[in-house]
Amino acid sequence: MQDRTGTDQPRMKRLTIDIPEDLHRRLKMDCAANGTKMADVVREMISQKYRNN
């Protein structure tokens, strides 16, 4: 699938999860400190877990 700029982008699906408040707070603080988005961090963690070896 191509986006508006003509580059290939994978199709995305939304995932909603519930996590404890303290974990959410730590993730949010870490992302703010590093200038990253929470979704990008979680997406990378999931990708690492399910990456083909």
More than 12 heavy atoms of other residues, nucleotides or ligands under 6.0 Å from CD of Gln48: is that the case?
yes
Apart from Met12 itself, which Ile, Leu, Val, Met, Phe, Trp or Tyr residues share its cluster (side-chain heavy atoms under 4.5 Å, direct or through members)?
none
Pair up each side-chain donor or acceptor in residues 23-35 with any protein partner under 3.5 Å, not counting sequence neighbours, and list the distances.
unit_1 : atom_1 : unit_2 : atom_2 : d
Arg26  : NE     : Asp22  : O      : 3.4
Asp30  : OD1    : Asn34  : ND2    : 3.1
Asn34  : ND2    : Asp30  : O      : 2.8

Do other residues, nucleotides or ligands put more than 12 heavy atoms under 6.0 Å from Met45 CE?
no
Does anything in residues 38-50 form a salt bridge (charged side-chain N to carboxylate O under 4.0 Å, His left out)? List the pairs, not counting sequence neighbours.
Asp40-Arg43, Glu44-Arg51
